[in-house]
Every structure is written in C-alpha cells, then in structure tokens.
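Before any comments, here is the structure.
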Number of protein chains: 2
Amino acid sequence: MLQVSRPTISDVARAAGVSKGAVSFALNNRPGVAADTRERILAAARELGWTPSSRARALSVSRAFAVGLVLARKPETLRADPFFPSFIAGVEQELAAHDYALLLQVVADQQREHDSYRRLAHGGRVDGVFVTDLLVDDPRIALLAEIGVPAVVVGPALGGGFFPAVGVDDKPGVAAAVQHLIDLGHTRIAHVAGPAAYVHGTSRKQAWAETLAAAGLPEGPCVETDFSAESGAAATRTLLDLAEPPTAVVYANDVMAMAGLAVAHARGVDVPGELSVVGYEDTELAAHVQPPLTSVATDVVAWGGAAARRLLELVDGREATEPDLESPRLVVRASTGAPAR
Amino acid sequence: MLQVSRPTISDVARAAGVSKGAVSFALNNRPGVAADTRERILAAARELGWTPSSRARALSVSRAFAVGLVLARKPETLRADPFFPSFIAGVEQELAAHDYALLLQVVADQQREHDSYRRLAHGGRVDGVFVTDLLVDDPRIALLAEIGVPAVVVGPALGGGFFPAVGVDDKPGVAAAVQHLIDLGHTRIAHVAGPAAYVHGTSRKQAWAETLAAAGLPEGPCVETDFSAESGAAATRTLLDLAEPPTAVVYANDVMAMAGLAVAHARGVDVPGELSVVGYEDTELAAHVQPPLTSVATDVVAWGGAAARRLLELVDGREATEPDLESPRLVVRASTGAPAR
DNA sequence: CGCTCCCTCTAAACCGGTTTAGTGCTGCAG
DNA sequence: CTGCAGCACTAAACCGGTTTAGAGGGAGCG
C-alpha cells in the first residue's frame with residue numbers, strides 16, 4: 001500500500017526542459033505554446049504518468065469541483081425510497097461530463113444537517129448544493145442564503161423562489177390518477193398522504209383534493225402517514241374500517257400502495273373489484289405485484305440530470321437553460337377498475 | 001449569490017496580532033501557545049466567522065479527507081436495490097465522526113468505472129475507496145493495487161486478499177433459510193440465483209447447494225437471474241412449469257421473491273400451502289406483502305459503518321480493529337410452511 | 001554573572017497547481 | 001537600420017493552510 005508520490009507538474013517541466021507555467025499552458029491547451037513544445041510537454045507528461053492534482057487545482061482556482069447532497073433521513077426511511085438512487089444516477093451522469101464530483105452526506109437530524117451544510121459549503125468542499133425533501137417553510141433556504149452558496153431546490157418551486165427549483169411537479173400525476181378513477185365511475189376516492197411537513201406530501205394531497213373538487217365530488221377521507229409501508233398498511237385498515245369505506249385509494253407512494261394491496265388481500269377485499277388502488281413512483285416492483293399496480297411514473301434520472309445541469313450553471317454563473325422534463329404519466333395496470341355497483 | 005470571500009487564517013492572525021503559524025497552532029490546539037494568546041486567537045477566529053478551508057488543508061497535508069464509492073450499475077438496477085442507501089447511511093455515520101466526506105460516483109459501464117477510480121484516486125480526490133458488487137476475479141483489485149490506493153472490499157473476502165474485506169457472509173443466512181425449509185419437511189427446494197458473475201450471486205447459490213447436500217437431499221432446480229423483479233417473475237414461471245415443480249423456493253433477494261409471490265398468486269398457487277417462498281434482504285416491504293415474506297435480514301447500516309472504520313484505519317495506517325458484525329438472521333413469516341403431502 | 005534550557009512565537013518554506021508580469025527574440029513596416 | 005508588434009517562454013506571486021528552523025526572552029542553575 002506504499003503511496004508512491006505522484007509526479008508533479010514540476011517533474012514534467014524538468015523532463016520537458018521548460019518552466020512550470022509552460023506546462024500548465026500546454027496541458028490546458030491554451031495559446032502561447034509552440035506546437036512542437038506542446039507536443040514535447042504532453043509526451044513528457046504521458047511518459048511520467050502525470051495526473052493533475054485536484055487538490056492543488058482546487059486551491060489555486062478556488063473551486064472544489066464538487067457539489068453536495070445532504071440527506072436528512074433515518075436509514076430506515078431512506079432504504080425504502082427508490083427516489084434517491086435514481087436521482088443520484090441522473091445527477092452523476094451530468095456531473096461526470098463536467099468533471100465534477102458528488103459529495104454525499106447522510107445525517108440523522110436537522111441540527112446536524114445544518115452543521116453539515118455549513119462545513120461543506122463554508123469550508124469550501126463544495127461549490128453548490130442540492131436541497132431535497134423540501135419542507136414547507138424550509139429553514140435551510142435561509143441558512144444557505146446566509147452562507148452564500150449556490151443551491152438548487154429539488155422539487156416544485158415552493159422554496160420562496162430565492163434559489164432556482166428544478167422538479168417534476170407531481171400535481172398533474174396525482175390529478176391524472178384521480179381523474180382516471182373518476183372516469184371509471186368512482187365517487188368515494190380516498191387519499192393516503194405523505195407527511196404534511198413535506199412539500200411533496202402536501203402537494204400530492206392538494207392535487208387530489210382539487211381534482212375531486214373540480215369534478216364536483218366530495219372530498220373523500222384522507223389519512224396522513226410517514227411514507228412507510230407500515231403506515232400505509234395502517235392507513236388502509238383505517239379506511240376499510242370506515243362506515244362507508246372508499247371504493248378507491250390514491251397512495252402517496254408505491255410502497256404504501258403495495259402494503260395496502262396486501263391488507264386488502266388479507267381481508268378478502270377484492271382489488272380492483274371492491275377497491276381500486278393507485279400508487280405513486282412506479283417502482284420496479286409495481287408491475288410485478290398481484291394485481292399489477294396502477295401508478296404514476298416520473299423520469300427521476302432525467303430529473304437528476306436537469307437539477308445537476310442547473311446547479312452547474314449557477315456555479316459557473318451561466319445563463320439558465322430551461323430543462324424540459326416530461327410530466328409524470330399515469331401507468332394504468334390491473335389494480336384499478338370500475339367500482340362495484 | 002455574491003460569494004463573500006471568507007476570512008483566511010491570515011486575517012485571523014492580523015486581528016489577533018500574531019503570526020499565521022501561531023494561529024494554526026492555536027486552532028489545532030497544539031502545545032506551544034500561551035493560554036491567553038490561544039484565547040485571543042480563538043476569539044478573533046470566532047469574531048471573524050473563520051472556517052478552515054478544506055481545500056488548503058487538503059493540499060498542505062496531502063490528504064483529501066474523503067473516500068470514494070463507485071457504483072457500476074445501470075440506474076434501473078440501482079433503484080430497486082435497498083442495499084446502497086442503508087450501506088451509505090452506515091458509512092456516513094462513521095465518516096462524519098472523523099470529518100471525512102463520501103464521494104459518490106455512478107458509472108454506466110466497466111471502462112468508465114476504471115477511469116473513475118483512476119481520476120478519483122490518482123488525482124488525489126480521495127484517500128481510499130470502497131469496492132462493492134465484487135465480481136469473481138474482479139479486475140478492479142489489480143487496478144487499485146497498481147494505483148496504490150487504500151481500498152476495502154465490501155463483501156465476503158474473495159478478492160484475493162490483497163485488500164481487507166469487510167462483510168457479512170451471506171452463506172449462514174441462506175443456509176438457515178434452506179435448513180428452515182428442510183425442517184418443515186421440504187425436499188424439492190429450488191433457488192432463484194443472482195448473476196453468477198457476482199460474488200454475492202455465486203456465494204448464495206453455493207450455500208443453498210451445500211446445505212442441501214449436507215442434508216442428503218438432491219440439488220433442486222436453479223435459475224439464474226439479474227436480480228430484477230422481472231427476472232424473478234420469469235424464473236418463478238419456469239420453476240412452476242417444471243414437470244415436478246419445487247415445493248419451496250429460495251430467492252437471492254426480496255424483490256424477486258415478491259415478484260414470485262405475485263406469480264404464484266396469479267396462477268392460483270397457494271403460498272405457503274403449495275409453495276413456500278423465502279427472500280433475502282428483509283426489505284421494509286417484506287413484512288407487508290401477503291403473505292408476509294420469510295427473509296434473511298442483515299444489519300447493512302452496521303456493515304457500512306464497519307467498512308468505513310476499516311477504510312479509515314487503512315488510510316491512517318492504524319491497526320485493524322476486528323469488526324463484530326452479527327450474522328444474518330432468518331426472519332420467519334407466513335410465506336413458508338410445511339409442504340402439502 | 002553567565003550559561004543553558006525551555007517556552008513562546010515569527011519567518012519562511014512547502015503542498016501543486018494557475019496566472020500575471022515581464023523578458024528575449026523574430027519579423028515586418030517605416 | 002531602427003522601431004515596434006507579437007510570439008514563446010520564464011520567473012515569481014498566489015491560493016490558504018501546515019510545518020520547520022530559528023529568534024528572543026525569561027527562569028533556573030552553577
């Protein structure tokens with residue numbers, strides 16, 4: 001494991017018989033170096049196996065060439081969420097193209113999250129950050145504004161607009177789901193909502209309520225959860241126990257919807273005969289449960305890419321290019337059908 | 001977004017009326033600074049809101065204070081895998097305690113993966129790396145050895161032993177699952193395996209075969225998959241179509257097991273009456289499908305912590321402390337039962 | 001009183017790049 | 001032949017910390 005010390009730019013300079021500066025110019029192919037000299041320098045660099053030290057570069061150009069993502073989640077709620085792996089994959093694709101790196105932090109609570117942002121941004125480890133899991137009136141916005149670090153809000157633009165937001169608006173997706181149920185003839189449509197503290201919990205609930213209202217239907221029952229399978233199952237039991245149970249339920253994510261399917265199955269409630277079920281996220285498993293789950297799909301990878309692109313633009317002070325993210329689309333499968341008469 | 005230039009150590013020195021060196025000593029509470037001077041320096045630093053520049057520190061001490069994790073996965077297969085979020089959470093807990101950061105890269109193919117490691121380690125962005133998804137005869141081991149970067153193999157120690165391996169051996173878990181089925185009276189026990197190219201695909205299959213052999217039972221049918229729900233469903237159909245279908249199936253992960261449950265359900269095959277099903281991973285949803293899934297649970301968060309600890313020890317040249325990771329344990333739920341006579 | 005030793009602190013080198021000011025040389029116009 | 005522009009390149013400063021060599025001063029000891 002002995003760390004052979006890597007050749008530096010000075011070694012290359014000596015080998016090529018020129019000065020450090022000339023080497024730097026040649027390697028960043030900048031004008032002011034004769035073609036043959038440049039060739040000689042590149043050859044020397046290749047010969048020595050020289051690689052630029054990102055540490056030195058970061059210091060001299062005052063850039064970290066990295067952006068940060070802080071996840072304030074407990075491991076349990078993180079592992080059930082298929083959003084982040086996809087999102088990060090999208091982010092990475094874009095970052096890699098610009099030789100940027102992604103610095104990830106997972107923190108347990110909010111206080112640590114703030115410290116985390118401070119250390120990352122203030123200490124110059126990153127040039128910008130993503131803000132995910134946006135809360136209603138999120139305190140991080142003020143913090144990041146105070147630190148003065150470029151940031152991009154991942155999700156619908158409810159952050160007060162101080163930072164640009166890049167996100168797929170989930171309202172049309174939920175609206176499409178509810179409309180689909182209305183079209184099938186349902187009139188008692190319930191919602192199993194995510195935490196009201198989260199923007200994406202609230203907005204999905206709103207979309208549900210608004211679509212019902214627009215169709216002139218009464219707002220059905222709604223149960224708030226923490227996005228976990230456990231709470232989704234509990235919510236389903238609550239709904240089925242109502243004097244007038246709903247004939248359809250729109251869940252805020254797939255995991256809860258699948259748990260709901262299992263509860264219905266265990267109780268002998270036929271899906272979709274007696275109960276229609278809709279998820280959100282269109283996870284890989286959605287198509288492979290019984291009955292296959294109707295769900296709302298979003299291209300999360302593209303979303304991650306767009307968010308990263310916007311953040312890099314912000315960091316570079318470039319003009320914003322408008323991302324064209326496709327709207328979420330409803331994937332109809334066998335878990336939804338006409339209500340029993 | 002105007003980037004106010006942060007105060008440097010020189011600013012603090014000027015404010016406190018001492019030299020840069022003295023400030024550095026005081027801030028790293030090292031001997032050789034008088035108590036009152038130290039106090040004055042700390043006060044000045046606090047006053048100015050000084051934060052160390054990790055860039056400068058990294059250059060001067062020749063350390064990145066970061067480790068890298070490169071995931072060579074397609075986004076689709078990444079998002080279904082609950083392993084990484086948990087693992088990363090565990091890694092982070094440990095890294096945060098030592099003020100280390102995690103640099104994540106997601107790359108599409110193997111060539112890029114190699115480039116990725118090269119840039120990361122050779123360029124000095126990280127002080128060490130994790131190697132996950134170990135392949136049988138993994139070429140990365142040689143690459144990393146050549147680069148000379150400390151590395152920790154995540155998983156059972158089959159990497160040739162050049163780098164330390166930290167991992168929960170999955171064999172006892174699979175063995176326990178197979179034994180559980182044997183104890184229930186099953187004799188035709190199939191396996192839906194992961195890709196043979198992966199160490200954890202191969203080792204689970206081996207454990208299954210060995211446990212059957214040890215019990216004097218014939219090796220049941222085995223279908224190789226790519227770990228996806230789709231392939232798990234297909235494998236299940238293959239098995240159920242056999243002239244003599246198995247009475248129990250051990251799946252290499254939960255997602256495939258759940259897809260298998262759905263296939264059985266769709267075909268009217270009763271679980272566990274006609275078919276017992278065992279998963280691996282014990283995902284959040286496992287307890288909430290119908291019937292609840294018997295599965296093998298591992299404390300992945302602890303695993304991540306142990307891997308990070310070992311890597312930091314390696315980076316610091318410290319002695320290895322033996323991690324005490326608990327063995328995987330079988331969580332018996334309702335998807336397994338005695339075979340029909 | 002003079003010497004050594006220790007403690008505190010300063011000056012300067014260093015990490016490995018980037019960037020700026022400036023030098024020497026060539027070539028062309030006047 | 002001189003003047004000046006412009007190219008190719010060098011020397012040195014700079015980024016912001018850490019670290020080493022050494023200076024200065026007071027205490028303890030002979």
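Atom CZ in B/R55 sits roughly 13 Å away from atom P in D/dC15 (whole-Å rounding). Atom P of nucleotide C/dC9 and atom CZ of B/R14 are separated by 19 Å, given to the nearest angstrom. Protein atom CZ of A/R63 is 19 Å distant from nucleotide atom P of C/dG17, rounded to whole Å. Rounded to whole Å, the distance from CZ on B/R6 to P on D/dG17 is 12 Å. The interatomic distance linking B/F65 (CZ) with D/dG16 (C1') rounds to 14 Å, in whole Å. Here D/dG16 presents its C1' atom at 15 Å from CG of B/L48, a figure rounded to the nearest Å.
The side chain of B/W50 places no N or O atom within less than 4.0 Å of a non-bridging phosphate oxygen (OP1 or OP2) of D/dG16.
Checked against D/dG16, C/dT18, D/dT18, the side chain of A/R57 finds its nearest nucleotide in C/dT18. Minimum atom distance to the side chain of A/S62 is reached by D/dC15, of the listed C/dT18, D/dC9, D/dC15.
The shortest distance between side-chain heavy atoms of B/V12 and B/E47 does not fall below 4.5 Å. Residues A/L42 and A/R46 have side chains in contact (heavy-atom distance under 4.5 Å, counting atoms from C-beta outward). You'll find the side chain of A/V131 reaches within 4.5 Å of the side chain of A/L134, heavy atoms only.
With B/R55 contributing its side chain and A/G124 its backbone, the two residues share a donor-acceptor pair below 3.5 Å. Of the possible donor and acceptor atoms, one in the side chain of B/S54 sits under 3.5 Å from a partner among the backbone N and O of A/G123. Remark: side-chain polar atoms of A/W50 are not paired, donor with acceptor, to backbone N or O of A/D11 under 3.5 angstrom. Looking at A/D316, its side chain never comes within 3.5 Å of a backbone N or O of A/R318 through a donor-acceptor pair. A donor-acceptor pair under 3.5 Å is absent between the side-chain atoms of B/T298 and the main chain of B/V300, judged by distance alone.
B/H122 and A/R6 share a donor-acceptor pair across their side chains, judged by distance under 3.5 Å alone.
Axis angle, first five pairs versus last five pairs of the helix from C/dC1-D/dG30 to C/dG30-D/dC1: 60°, rounded to 10°.
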Under 3.5 Å, which donor-acceptor pairs do the side chains of residues 87-107 of chain B form with other protein atoms, sequence neighbours left out?
unit_1 : atom_1 : unit_2 : atom_2 : d
B/E94  : OE1    : B/R309 : NE     : 3.4
B/E94  : OE2    : B/R309 : NE     : 3.4
B/H98  : ND1    : B/E94  : O      : 3.2
B/D99  : OD1    : A/R119 : NE     : 3.3
B/Y100 : OH     : B/R63  : NH1    : 2.9
B/Y100 : OH     : B/D127 : OD2    : 3.1
B/Q105 : OE1    : B/S116 : OG     : 2.3

Under 3.5 Å, sequence neighbours excluded: what are the donor-acceptor pairs made by side chains of residues 21-30 of chain B?
unit_1 : atom_1 : unit_2 : atom_2 : d
B/N28  : ND2    : B/S24  : O      : 2.8

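With the nearest nucleotide of DNA chain C identified for both B/S19 and B/L59, B/S19 has the one nearer the 5' end.
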*Which letters describe nucleotides 19-25 of chain D, given B = protein heavy atom under 4.0 Å from base, S = only from sugar-phosphate, - = neither?*
BB-----
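A/R57 forms a cation-pi arrangement with A/F65, by the criterion of a distance under 6.0 Å to the ring centre and an angle within 45° of the ring axis.
Residue contacts for B/V18: at a heavy-atom cut-off of 4.0 Å it reaches the sugar-phosphate backbone alone, with no base atom in range.
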*asked:* Using side chain to side chain contact (heavy atoms under 4.5 Å, CB included), reason through A/F84 and A/T132 one step at a time and then give a plain yes or no.
replied: CA-CA 10 Å; A/F84 283 106; A/T132 61; 3.7 Å; yes
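For the pair B/R118 and B/D115, the salt-bridge criterion is not met [side-chain N within less than 4.0 Å of a carboxylate O].
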Under 3.5 Å, which N/O atoms of the protein pair with N/O atoms of nucleotides 4-7 of chain C?
none

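Within a heavy-atom distance below 4.0 Å of DNA chain D, no residue of residues 36-43 of chain B is found.
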